[in-house]
Amino acid sequence: MRQRRDGPVVPEERRGPTPGGRGWRRPDASMSLLADLYAGKVLDPGYAEAAARREAARAGGAAPPGRPDRRGRTARAGVPLVLVLAGMLVAVAGAEVRRSEPLAAQQRSRLVAEIRDRTARTDALQRRLDALRDQTQRQRAVALARSAAGQRAREELAVAGDAAAATAVSGPALVVTLDDAPRQDPAPPDRRDDEGRVYDQDLQILVNGLWAAGATAIGINGQRLTPTTAIRTAGEAILVDYRPLGAPYTVTALAGPARGPADLRAAFEGSAAERRTRALEERYGIGFEIGSRSRARLPGAGSLRLRYARAPRPEGAS
């Protein structure tokens with residue numbers, strides 16, 4: 001007995017007419033697999049027929065009659081076709097790769113050349129801007145020195161310019177250098193390739209530690225830092241005020257007229273920023289050196305563009 005999809009359970013022998021009829025089936029028809037196993041007919045008839053033909057071919061006799069194995073011939077004929085198509089696809093893909101490699105190399109070379117050209121032009125314009133700014137400051141100082149009010153304005157402008165990092169400054173300085181760790185081939189198994197690089201946050205913490213130690217002006221690779229300077233990363237480059245800088249990173253911190261580099265170094269060593277940078281040196285091999293210069297010069301930064309500003313209230317005003 002078995003369940004039909006469209007009706008109740010019906011005895012198998014009651015399905016169809018008499019044994020001589022057309023729709024009659026043996027009661028044990030569903031047990032043909034077990035009957036074949038008990039009779040020793042393990043192979044499927046198609047497999048048994050193919051095995052008999054192979055045995056006859058090896059014995060030198062004619063193959064027994066039977067149905068031709070269309071599926072076998074089709075499969076054997078399809079294998080070379082598949083191999084030919086696969087070879088054609090591989091050949092076309094290889095040709096496309098070889099064809100695109102010179103084009104990609106040319107595009108990369110053109111982009112690198114364009115970046116270098118624009119960087120050179122930007123540096124030249126920056127040098128010209130610095131020269132014009134120095135000339136303007138000298139002419140303004142001469143004009144303001146002609147009167148007492150002008151001299152007071154000159155002193156106020158000097159204080160404001162120093163606070164905004166708008167004027168060039170020079171003096172004794174503490175110099176801290178950070179550099180990427182040397183590449184090791186093969187790399188240590190417990191270290192990623194980018195762990196030995198200097199990150200933007202490493203420079204941020206170092207600069208904040210120098211400010212806290214009493215630095216009056218700071219520059220990174222000659223780029224003057226202002227109160228609104230952003231130190232960020234873009235890919236593998238570190239941006240300082242959106243200008244890309246490369247390793248090694250030389251951080252120059254002026255100590256100011258009242259203090260010297262020794263005082264600035266004593267205040268910086270032992271700080272949280274110095275301890276963290278030492279830990280990076282010991283763990284990841286990042287270069288870390290502290291030195292001093294008797295005289296260093298930092299250029300003035302570009303003018304600030306403030307979106308919102310208001311005049312300060314006089315002292316004592318409510």
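Nothing here was measured: the structure is a model prediction, and the numbers come from that model.
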**Q** If you define the side chain from C-beta out and look only at heavy atoms, does anything of Leu157 sit under 4.5 Å from Leu144?
**A**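 Yes; the side chains approach each other to less than 4.5 Å.
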**Q** Between Ile220 and Ile231, is there a side-chain heavy-atom distance shorter than 4.5 Å?
**A** yes
**Q** Do Val198 and Tyr284 touch side chain to side chain, with heavy atoms closer than 4.5 Å?
**A** no
**Q** Can you tell me how far the CZ atom of Arg154 sits from the CZ atom of Arg146, to the nearest 0.5 Å?
**A** 12.5 Å
**Q** May I ask you to test the Leu203-Val251 pair for a side-chain heavy-atom distance under 4.5 Å?
**A** yes
**Q** Has Thr233 got a side-chain atom pairing as donor or acceptor with Ala237's backbone, closer than 3.5 angstrom?
**A** yes
**Q** Does a side-chain heavy-atom distance below 4.5 Å link Pro261 with Arg293?
**A**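 They are not in contact (no side-chain heavy atoms under 4.5 Å apart), so the answer is no.
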**Q** Go through the steps for Arg278 and Glu282 under the test salt bridge (Lys or Arg N to Asp or Glu O under 4.0 Å), then give the verdict.
**A** CA-CA 6 Å; Arg278 289 291 182 191; Glu282 296 174 0; over 6 Å; no
**Q** Any Lys/Arg nitrogen of Arg152 or Glu156 sitting under 4.0 Å from an Asp/Glu carboxylate oxygen of the other?
**A**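 So Arg152 does not pair with Glu156 through a salt bridge.
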**Q** Mind jotting down which residue pairs meet the side chain to side chain donor-acceptor pair (under 3.5 Å) criterion with at least one end in residues 239-251? Sequence neighbours excluded, please.
**A**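 Counting only pairs at least two positions apart or across chains, the side chain to side chain donor-acceptor pair (under 3.5 Å) contacts touching residues 239-251 are Asp123-Arg243, Gln223-Arg243, Thr229-Asp241.
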**Q** Is the shortest distance from a Lys or Arg side-chain nitrogen in Arg118 or Glu114 to a carboxylate oxygen in the other one below 4.0 Å?
**A**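 Judged by the 4.0 Å cut-off on N to carboxylate O distance, Arg118 and Glu114 do form a salt bridge.
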**Q** Quick check: do Glu289 and Asp179 have side-chain heavy atoms less than 4.5 Å from each other?
**A** no
**Q** So Arg138 and Val142, do their side chains get closer than 4.5 Å, heavy atoms only?
**A** no
**Q** Applying side chain to side chain donor-acceptor pair (under 3.5 Å) as the test, list every pair that has at least one member in residues 202-216; sequence neighbours left out.
**A** Asp202-Arg276
